[in-house]
Amino acid sequence: MAMVLNEEAGMLKDAARGFLADSAPLAQLRNLRDTDNADGFDRKTWAAMAEMGWTSVLVPEDQGGVEMGYVAAGVIAEEMGRTLTASPFLSTAVMGATALSRFGSDGQKGEWLPRIAAGEAITAIAVDEGRKHNPSSVTTTAERSGNGFKLNGKKSFVAEGHVADMMIVSARTAGSENEAEGISLFLVPMDAAGLAVDRIKTVDSRNFATVTLDGVDVTADAVLGEVDGGLAALEAVLDAGRAGLSAEMSGSAQQCLESTVGYLKERKQFGQIIGTFQALQHRAAHLYSEVELGKSIVLKALQTLDAAPEHAAMMVSAAKAKLGQVAQLAAQEGVQMHGGMGMTDEFDIGFFMKRIRVAEALYGDANYHAEKFARMRQY
Amino acid sequence: MAMVLNEEAGMLKDAARGFLADSAPLAQLRNLRDTDNADGFDRKTWAAMAEMGWTSVLVPEDQGGVEMGYVAAGVIAEEMGRTLTASPFLSTAVMGATALSRFGSDGQKGEWLPRIAAGEAITAIAVDEGRKHNPSSVTTTAERSGNGFKLNGKKSFVAEGHVADMMIVSARTAGSENEAEGISLFLVPMDAAGLAVDRIKTVDSRNFATVTLDGVDVTADAVLGEVDGGLAALEAVLDAGRAGLSAEMSGSAQQCLESTVGYLKERKQFGQIIGTFQALQHRAAHLYSEVELGKSIVLKALQTLDAAPEHAAMMVSAAKAKLGQVAQLAAQEGVQMHGGMGMTDEFDIGFFMKRIRVAEALYGDANYHAEKFARMRQY
Amino acid sequence: MSDLESFREEVRDWLDANCPAEMRRPMASENDAVWGGKKTKYSEPQQLWLDRMASKGWTVPEWPTEYGGGGLDKAEAKVLRQEMQRIKARSPLQSFGIWMLGPALLKYGTHEQKLEHLPKIARGEIRWAQGYSEPNAGSDLAALMTKCEDKGDHYLINGQKIWTSYADQADWIFALVRTDFEAKKHEGISFILVDMDQPGVTTKPIKLISGKSPFCETFFDDARAEKHNVVGELNKGWTVAKYLLTHEREMIGGMGSGAMRPAGDVAVQMLGKDEHGRLADPLLRTDIVRLEIDGLAFMSTMERVSDEAKAGQGMGANSSVLKYYGTELNKRRLELMMDSVGQDGLEWGVDDDVAANWLRTKGNSIEGGTSEVQLNIISKRILELPSA
Amino acid sequence: MSDLESFREEVRDWLDANCPAEMRRPMASENDAVWGGKKTKYSEPQQLWLDRMASKGWTVPEWPTEYGGGGLDKAEAKVLRQEMQRIKARSPLQSFGIWMLGPALLKYGTHEQKLEHLPKIARGEIRWAQGYSEPNAGSDLAALMTKCEDKGDHYLINGQKIWTSYADQADWIFALVRTDFEAKKHEGISFILVDMDQPGVTTKPIKLISGKSPFCETFFDDARAEKHNVVGELNKGWTVAKYLLTHEREMIGGMGSGAMRPAGDVAVQMLGKDEHGRLADPLLRTDIVRLEIDGLAFMSTMERVSDEAKAGQGMGANSSVLKYYGTELNKRRLELMMDSVGQDGLEWGVDDDVAANWLRTKGNSIEGGTSEVQLNIISKRILELPSA
């Protein structure tokens, strides 16, 4: 596949950039933070996104979606990374839609996908329990109970947990803590009895929650995919999210680079535009090179997800690891080259540093994915 | 202990620098290489070093030495690193003298130390068998035979092997390949029957050999230290060598920096002295900082060897690891900033890159020592 | 018994009798620090401890007694520090007056200026702020534009300072101002002392990416300063400033020295070990061990630079190496700390906030002269590389 | 059957009949490469294969037939490549004439120049060397001082070139010379073709840190060149040079693309694994996995840049990104290779000499425009940062 955006994706990119710059610029996130907004995202913007088809980008056409694929989803995520737009896009339109369309029963698809496509349902993925991402480390239990299951446990750092309508929860139906076998996935409505959601305030001013399941009853229909064999499906859903996050980080890195280069062209010190200082020029040029490499591997990962999702794991891990390094470099160089101004809350560059740190940790950091890559490469 | 050279060490440093610049500059190594010199070092220079007391710097006074300690030995090694003087100083005056004075019997001391001090005996340490340094990986065997032992095996990369009079060999008297217990050290005269020495041509044009022991008979008196418990002594001897190598690498790094800065002040490109280019200035300044850190940790390691040799292992590993990184950076930046000229054999900078690579690999590379450091730090 | 030993006994007895029990407990938060000044009330034991120490001159043990100091020599001052550490006595007074203005006044001030200001610093009566940076003169400090006009019997000051730490709680400010707009950049600057208790001086706190901060903007609108409050010669303030900047550089560089818990220990506590006894995350372990080795080499360098200075061998620009390397190291350390604590570190506004510390370190390589400025200094002053 | 399919059959049959068996085996050493020229004798199968391919114009399949080319379009040329790969046929001819001079002549040469030189390049009759760099004009190529004087019916050349690869085996040299010493630096340069078979041209090999090298110094002492051998306009040689430099940059940058064995596989073979299946050296493993991920990102970028160029979206200076990143990556790769092979890699002068490869890569970031020059280009042309 040629490593270029096709015409459709190119148009989507332009449209997304225009819309986000106008309707959901960084000022929106700043405002959500400063007003302590209860939702943590702007519902009007979300509705507009749904109208433009963003929420249905991975929903099959027979479920009311436009099914444009992962490259298209990545294009949107990348542009959101430029404006740091807060929205449940990743948890719902990317991961939720992937989970249901690839692993859902007909009934589950019919119940959720049209609502996701329409922007009417928000979904969340509850996977982690400890401080570091580790999908096979599951202590949350799902015991058989009548015709269904009873869930007990605690999930940490659930993105969009407090605004979701439904949550996909990994729980242990067999095996012990770190075993790959014995994990099952459940679709749990957020209004289920015994389910408690605590929003956490995070450094990126986005939406995360701790979710406690205290004897939550679900029916057998709530199982997504196979009982005991949920880890492979979970990994596939996570890989979609990781690729989307990588695309978002790529957008953020590009924006950091551009803002910084802009600042270098403007700011004077020692009687000179600081962009004339060769030491800064070389660092900016090195950063540019890294950002270009980041763009390439993200596109490669997204194209692989479209073409052969079952073989995408290695490329997705490489992308997430590389973008973790690139985006952090971009934020660090950005703050440093903005000097004292870069340290103030008034300038935007700090928002990027914060969000990139969270995106880096989410669904496995650079070290996690490099480790995974090395294991897949068998060394 | 104050982290400065005392007056005695300061004088030694000045004297060493003067002597080496005059009598053993880099041109000497170049000449030894180009004439394919059979010894691989200059015997006249070596005799002069002995006369100045360098060979006896770690030999106790009652054995004819001057016993100035490791800081003094390091000062000499550091200055040798500036001129890349080829000599058996490290293998003999540092490691050989350490081995005999700390672990030798009275008889062994009396036999070898006065000769080492007088510059009449060269010693070598035969430790490694594989491609990476690993002192506990010993397959060379020493079987009891009559009143003594019979040695069989092969040792690789023995510094000064082909010019030594005596070699300290690690061999297994018990246990299996990677066990710490069961290793013993033997003093083996190089003219022993069954011992074959093959010189290897190495990238740094210095002296290394492969040594084969084919049923070499030694008496019980040849055991250095305890039978089966030789690893601790071996590590102590190696640590002396590692600290000396770190000092040498520090000197080489300083010299790379100085030559490079000198070249930056001289070479013109684009109508300007290239030393005016800020990007190069910042890299040179960063390198300067790293070189300063290198000097500090080497001094710390040497001082610890003098003050509390039994607690020096961690500081020595930190120094060897740090200098591996610093000296390689200095050589790499040196070649790059010398441009095309740096790639020619005619310029000296390439000799530093080569010797630093060898010094890096010898007795454990930066990764080996960082790993050892982490284990000592218990993580 | 030597003089020093009898001095030690004397100190020990006095501390024992005079240091309140509350002042022997470790500080629990920033609020426990005593900065003096007119605007802040301190607890009874805090004030008592400050007053008692000040009465001995021991808030500034090495300053001359006539200026409120203890008149101790280096050896005696060390004994005092040791004895205070022994009983875990808190420092009685934090103060930019002590750390920055005091040394400058002692070196460049007139006898009258010393008499007027030093005792009040020593007693914690007056809290000082530093007014150096301006919005359009960050790294290029000497580009400052705050205007100071000679009005005959006084000076009139107009302009703006930024990064004035704790200015909203300070009583006086020592500032760099431009007294000659015709002269070359470094030659028209004066070092002046300004009473902040006047309508012409206002402050506004700066919020940082790491959250609330001690930094303020400070505005001068027709502010007044007495003529005798210029320190050093008029238009020669840059000399005083440079002297103070070297001080500051060393203070900030020292932050990389690892007084904090070693990164390896934190990581092990957070992430555990594998069955070989290695940190469970092998790639993070690589980064941490390299950081720790660099940290050890850095600490050895701090020690060496200090010992060399004592032995008269020091090089002037080594404070730039320490500032540069120390702050970059500290940034690396906090990045690895963030890697170690994982999602726990991403919470915001909780106690012992790793994220806020992590973000705050990003300023270390900017404040007190950016890393880039330090590299310029090393390249010019130590390596003597030519200017373009 | 489509035209292309019938072309493929035709090619397949021809290759089958004409490619000697010896030319279907992988090259064992540098000596197996055929560079043509008058000074080197090749083996019978080598010469036969070259002559046969040249007779079809397939040493330069896309050049016009009138200049000795095959006249193939892109699709046909691809078919030829594929069919050659299928039978593992060696390339019949390595040539700076094909890679560098040819494209320049096709773009800037006159019809007569093309007729004179291109067919001899295509047939491997004349071997060309490149004369660009000079000892005092390294990265600053345009500072060249080799003097070319108009002597009425010919030019007289005096000066020295450096880094002229294989000049000691070449027949002709294309060189940049200064034809106007009054003009601005970039404006007095001409691109000229010089017959090396004359007493005024001598060469001397350069020994590198990595050992013997193809590089030479080339000296011009009253060397003569015909007037019709200036390519492009007189004094406009810089335009031709820039065109060729972009070509060269891409060739060298491509060396980071990982045609070699992956570093991870080499390391496992050399050092083995622990009981968890991880490379036995955990720190080296960290460096290798990061290298491999960067390598993958770099290869994706090569692909993307090429696909974007095809789609007309490419940016001009991206060759600088590839050159910069590719060569730096390659240096990292060889450093890790050295770490992997350990002491075995420190031997000198043995077959398959890792050390020589390692040292040779250090030149990659210097030749064809240093990394610093590439960063300057990125900063100026892509980021549009201002000049001082």
Side-chain angles (χ1 to χ4, degrees), chain B residues 33 128 130-134 156-157 200-206 208 210 267-272 274 276-280 283 321 324 328 331-332 334-354 357-358 360-362 365-371 374, chain D residues 133 135-143 162-163 185 206-213 215 270-272 280-287 328 331 335 338-350 353-356 358-360 362-367 370-373 375-376 379 388:
Chain B
R33 179 195 70 173
D128 284 316
R131 54 172 62 91
K132 298 283 267 190
H133 178 63
N134 188 354
S156 65
F157 229 71
I200 339 169
K201 215 168 162 181
T202 52
V203 64
D204 64 346
S205 311
R206 293 280 277 274
F208 292 92
T210 305
R267 171 83 172 167
K268 270 194 164 184
Q269 294 270 275
F270 305 103
Q272 268 179 276
I274 62 173
T276 62
F277 293 126
Q278 197 198 30
L280 300 185
R283 279 161 57 182
Q328 290 188 90
Q332 288 162 13
V335 168
Q336 178 70 19
M337 292 199 215
H338 274 78
M341 293 301 121
M343 284 300 293
T344 62
D345 185 68
E346 200 187 325
F347 271 54
D348 288 345
I349 188 80
F351 280 78
F352 287 96
M353 178 170 272
K354 293 169 178 178
R357 236 312 157 183
V358 174
E360 155 72 355
L362 204 54
D365 63 12
N367 286 336
Y368 174 90
H369 285 289
E371 173 70 31
Chain D
S133 295
N136 290 308
S139 291
D140 184 12
L141 195 55
I162 196 170
W163 309 121
K185 198 161 86 170
I206 299 171
K207 192 173 165 194
L208 288 189
I209 59 174
S210 48
K212 271 188 298 184
S213 87
F215 295 113
M270 292 292 148
L271 307 177
D281 183 330
L283 282 85
L284 178 59
R285 178 172 178 269
T286 298
D287 293 336
E328 296 295 335
K331 290 197 292 182
E335 288 290 344
M338 288 294 283
D339 287 340
S340 300
V341 299
Q343 295 169 347
D344 292 1
L346 301 173
E347 284 200 55
W348 189 242
V350 291
D353 198 325
V354 188
W358 160 64
L359 289 163
R360 185 61 189 84
K362 300 302 176 192
N364 298 159
S365 55
I366 297 170
E367 60 212 357
T370 62
S371 283
E372 291 75 19
V373 166
L375 292 172
N376 283 342
S379 131

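Lettering of chains follows the sequences in order, A, B, ..., and the numbering in each one begins at 1.
If you measure heavy-atom distances from D/Ser340 to chain B, the contacts under 4.5 Å come from the backbone alone. Of the atoms belonging to B/Arg206, not a single heavy atom falls under 4.5 Å from chain D. Interface residue D/Leu208: backbone and side-chain heavy atoms are both found under 4.5 Å from chain B. Neither the backbone nor the side chain of B/Asp204 comes within less than 4.5 Å of any heavy atom of chain D. Proximity to chain B is absent for every atom of D/Ala142, based on heavy atoms less than 4.5 angstrom apart.
D/Asn136 contributes atom CG, which lies 10.5 Å from atom NZ of B/Lys268 (distance to the nearest 0.5 angstrom). Between atom CD of residue D/Glu372 and atom CG of residue B/Leu280 there is a gap of 6.0 Å, rounded to the nearest 0.5 Å.
Interface summary for chain D: among B/Arg267, B/Glu346, B/Met341, B/His133, the most heavy-atom pairs under 4.5 angstrom belong to B/Arg267. Ranked by heavy-atom pairs under 4.5 Å with chain B, the first of D/Thr286, D/Val341, D/Thr370 is D/Val341. Chain B forms the most heavy-atom pairs under 4.5 Å with one residue out of D/Leu141, D/Asn376, D/Leu284, and that residue is D/Leu284. Of all the listed residues (B/Ser156, B/Gly339, B/Ser205, B/Ala370), the one sharing the greatest number of non-hydrogen pairs under 4.5 Å with chain D is B/Gly339.
A salt bridge does not link B/Asp345 with D/Lys212: none of the charged nitrogens is closer than 4.0 Å to a carboxylate oxygen.
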From CA spacing to verdict: side chain to side chain contact (heavy atoms under 4.5 Å, CB included), B/Phe208, D/Glu347: CA-CA 10 Å; B/Phe208 292 92; D/Glu347 284 200 55; over 6 Å; no
Would you check, one step at a time, whether the test side chain to side chain contact (heavy atoms under 4.5 Å, CB included) holds for B/Lys132 with D/Met270?
CA-CA 9 Å; B/Lys132 298 283 267 190; D/Met270 292 292 148; over 6 Å; no
Give the intermediate values and the outcome of side chain to side chain contact (heavy atoms under 4.5 Å, CB included) for residues D/Glu335 and B/Gln332.
-> CA-CA 11 Å; D/Glu335 288 290 344; B/Gln332 288 162 13; 2.9 Å; yes
Are D/Asp339 and B/Arg357 close enough, and set up right, to give a salt bridge (Lys or Arg N to Asp or Glu O under 4.0 Å), and what steps lead you there? CA-CA 9 Å; D/Asp339 287 340; B/Arg357 236 312 157 183; 2.9 Å; yes
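The two atoms that bring B/Asn367 and D/Leu283 nearest to each other are OD1-CB, 3.5 Å, heavy atoms only. Taking both residues in full, the closest heavy atoms of D/Trp163 and B/Met343 are given as CH2-CB, 4.4 Å, listed atom of the first, atom of the second, then distance. Between B/Gln336 and D/Ser365, the closest heavy-atom pair is OE1-OG, 2.6 Å. The minimum heavy-atom distance between D/Ala355 and B/Val203, with the atom names listed, is CB-CG2, 4.3 Å. Nearest heavy-atom pair, D/Leu346 versus B/Phe157, reported as atom, atom and distance to 0.1 Å: CD1-CZ, 3.5 Å.
Under the 4.5 Å side-chain criterion, counting only non-hydrogen atoms from C-beta, B/Gln328 is not in contact with D/Met338.
Atom NZ of D/Lys185 has more than 12 heavy atoms from other residues, nucleotides or ligands within 6.0 Å.
No donor-acceptor distance shorter than 3.5 angstrom exists from the side chain of B/Glu371 to the backbone of D/Asp281, with no hydrogens or angles considered. Distance alone, capped at 3.5 Å, is enough to place a donor-acceptor pair between the B/Lys354 side chain and the D/Ile209 backbone. Without hydrogens or angle criteria, D/Asp140 side chain to B/Phe270 main chain gives a donor-acceptor distance under 3.5 Å.
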